[in-house]
Amino acid sequence: MSSRGCSIVWLRRDLRVEDNPALAAGVRAGAVIAVFIWAPEEEGHYYPGRVSRWWLKQSLAHLDSSLRNLGTCLITKRSTDSVSSLLEVVKSTGATQLLFNHLYDPISLVRDHRIKEALTAHGVAVRSFNADLLYEPWEINDDEGYPFTTFTEFWDRCLRMPFDPESPLLPPKRIISGDVSRCPSDTLIFEDESEKASNALLARAWSPGWSNADKALTTFINGQLIEYSRNRRKADSATTSFLSPHLHFGEVSVRKVFHLLRLKQLSWANEGNKAGDESVNVFLKSIGLREYSRYMSFNHPHSHEKPLLGHLRFFPWVVDESYFKAWRQGRTGYPLVDAGMRELWATGWLHDRIRVVVSSFFVKVLQLPWRWGMKYFWDTLLDADLESDALGWQYISGTIPDGRQFDRIDNPQFEGDKFDPNGEYVRRWLPELARLPTVWIHHPWDAPESVLQAAGVELGSNYPLPIVEIDSAKVRLEEALSQMWQHEAAARAATENGMEEGLGDSESTPIAFPQDMQMEMDHEPVRNAPVVTTVRRYEDQMVPSMTSSILRYEDEETTSVEFRNTAEESRAEVPTNVNATGTLRADTLAQDNAQTVHTNNHLPQINLALRRRNSEESISESSSSSRGVVPVWSPQTSYTDQYIGEENGAGPSSSYMQNHQQSHSHQVINWRELSQTG
DNA sequence: GGCTAATTATA
DNA sequence: ATAATTAGC
């Protein structure tokens, strides 16, 4: 065993020992060194928020103790550069192999690619696996081989794939530990003094860690799941799975979730239990949305900062920090919105329905830039997840082809009647309205003065009047939209006249986040939650895009040869390209594809396909066709040109991308060739 | 059975 | 908001 050298299993958002392909491969190969690297500076804007860090801390401790029971431990490293930290671990342990599971957020795509290059160059074998998804993003394409652009089609295909998702792997019985005597752990600091008190409260409601996640899954499947379909409308009830933070950190395998759900569904279907059967479908769909968020991030890595529908670039967002602040504090004057925002701040948790309500209000009524809201969710949610958040906000904002209609404004008052008919939710989070009769609870501004007085409500004093009237929001939205279309048409005309990138393209740079995103504690319900003092501000940097590499592909012989070698190496380890039913696996196809293409012109076929689609077709969006303009799925007009410009150094925040340039241009081939399904 | 009203779902 | 589905007559 030891003659083979040991494997580093680099754990990230796969903090579990069960169904962890990278870990399993390491155990199979011999001695294992499990490593977690805390390098939040690499995340740019997206330094994890307080509650998310709290979760991570607990989850790592839990994992470490499991690993110790199995015969090893978790080595933790504090770093500002994962690549050099991994190289250090290699040096101090003599490891010959690096194993990890795939991530699909834009930062990881680039970073993990660099790591493959760097470690391979140092003679370390690198293998990576799918542990996060039912199917890899590149496995799901339409009949012509193009990625889907709407969720429904995507999910339909996932459920009808010719091969099932991998079956979950059992946890290893025992792990042989590599020699870590010269590889000490760093102590990781996840909270500071001011955060401890609020964090202590979290432990009452949540139990991070993979075996707790497993219990939560079982509890849900044997409990609330059967009623999931019927209960999903109720905003204020404990009828959800509460799995999302567990899933974010990979404490539970989505493939295990899938298999258990299918089993349950089968037995309910056999009993003729319609409600149960339907509940499984509905819950599976939310798993599907999580899958789709990775799919979208992989195919459009800038989707957390740019609308996918090109014309939305020209929407004149209201850059008003006082609106933003009122929203964060739950002082908009709309009870359902305010209750939601206060619950979010106080608990780090929000029912999906309420997330829709508050974010839709943010985008459509306040017309604030959706990325601000997304960032706030990132900072405050316990299950903060960049890919899911980006999908959610783009959906709400109507900036993806199957998003909500852009010109639709939901009225929080009516949503209140629907989701909180008795006003219990509002009363719980807005004590100042607690004595208001239910008829007025979602629109106190209409209540007679005597009623307000009796309830102790003083509008404009202890509870605000609506900061924006719905009617004026509608008018403003109309105006903004017609402005948007004008700008879009002007830009289009400019491009057609050969002015190329000259298009007064101020919107190509996302609106910066406000300087002050801290939450000020000047209202009641959250008094005992201290101010977050550790929101770090790192230098403004946009995350790099993989799409530019997809569209502007300049392969270099040396690199591709290197990749091919590595791919062959790993394939030798894992010879089974044929699954149980004898169907050719998609990853085999992908490899063959890529190799074929190498001999042609260095362009993987999928890239050609993307390029063709982007330039020849446009995807029409229902809400806008009435205006006679066909919006385009933005690669063509916006980010193709735009990102090339950025890579040339013209962009405002090209530093990160310049640093990563070479790796950047080989992104796709890397994933397709080096990926292994263990 | 066929119409309208009410309900429901909507990524 | 709206389209689709179901309930009620």
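Predicted model only: the values in this text are computed from it and were never measured. Every chain is numbered from 1 and lettered A, B, ... according to where its sequence line falls, protein lines coming before strand lines.
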Open item on the list: Under the salt bridge (Lys or Arg N to Asp or Glu O under 4.0 Å) definition, can you give me all pairs with a residue in residues 247-256 of chain A, not counting sequence neighbours?
Closed with: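 Every salt bridge (Lys or Arg N to Asp or Glu O under 4.0 Å) pair that includes a residue of residues 247-256 of chain A, provided the two are not neighbours, is A/Glu18-A/Lys256, A/Asp19-A/Arg255, A/Asp214-A/Lys256.
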Can you check nucleotides 2-7 of chain C for protein contacts, nitrogen or oxygen pairs under 3.5 Å, and list what you find?
none

Open item on the list: Suppose we screen for ring-ring contact (aromatic ring centres under 6.0 Å, His included). Which residues come up paired with A/Tyr463, at least two apart in sequence or across chains?
Closed with: none
Task: A/His246: partners by ring-ring contact (aromatic ring centres under 6.0 Å, His included), with sequence neighbours left out - done: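 For A/His246, the residues satisfying ring-ring contact (aromatic ring centres under 6.0 Å, His included) (neighbours in sequence not counted) are A/Trp55.
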Sequence neighbours excluded, which residues qualify as side-chain contact (heavy atoms from CB on, under 4.5 Å) partners of [X]?
{"X": "A/Val282", "result": "A/Tyr228, A/Ser229, A/Arg232, A/Glu278"}
{"X": "A/Lys285", "result": "A/Phe151, A/Trp155"}
{"X": "A/Ala326", "result": "A/Ile467"}
{"X": "A/Pro437", "result": "A/Val439, A/Trp440, A/Val451"}

Detail all sub-3.5 Å separations between protein N/O atoms and N/O atoms belonging to nucleotides 6-11 of chain B.
| residue | atom | partner | partner atom | Å |
| --- | --- | --- | --- | --- |
| B/dA9 | OP1 | A/Arg233 | NH2 | 3.3 |
| B/dA9 | OP2 | A/Arg233 | NE | 2.7 |
| B/dA9 | OP2 | A/Arg233 | NH2 | 2.9 |
| B/dT10 | OP1 | A/Lys285 | NZ | 3.4 |
| B/dT10 | OP2 | A/Arg232 | NH1 | 3.2 |
| B/dA11 | OP2 | A/Lys285 | NZ | 3.0 |
| B/dA11 | O3' | A/Asp402 | OD2 | 2.7 |

Task: Interatomic distance where CD1 belongs to A/Ile409 and C1' belongs to C/dA1 [whole Å] - done: 12 Å
Open item on the list: For A/Tyr104 and A/Phe298, take the angle between the two ring planes, folded into 0 to 90°, and tell me which bin it lands in: parallel under 30, tilted 30 to 60, perpendicular over 60.
Closed with: perpendicular
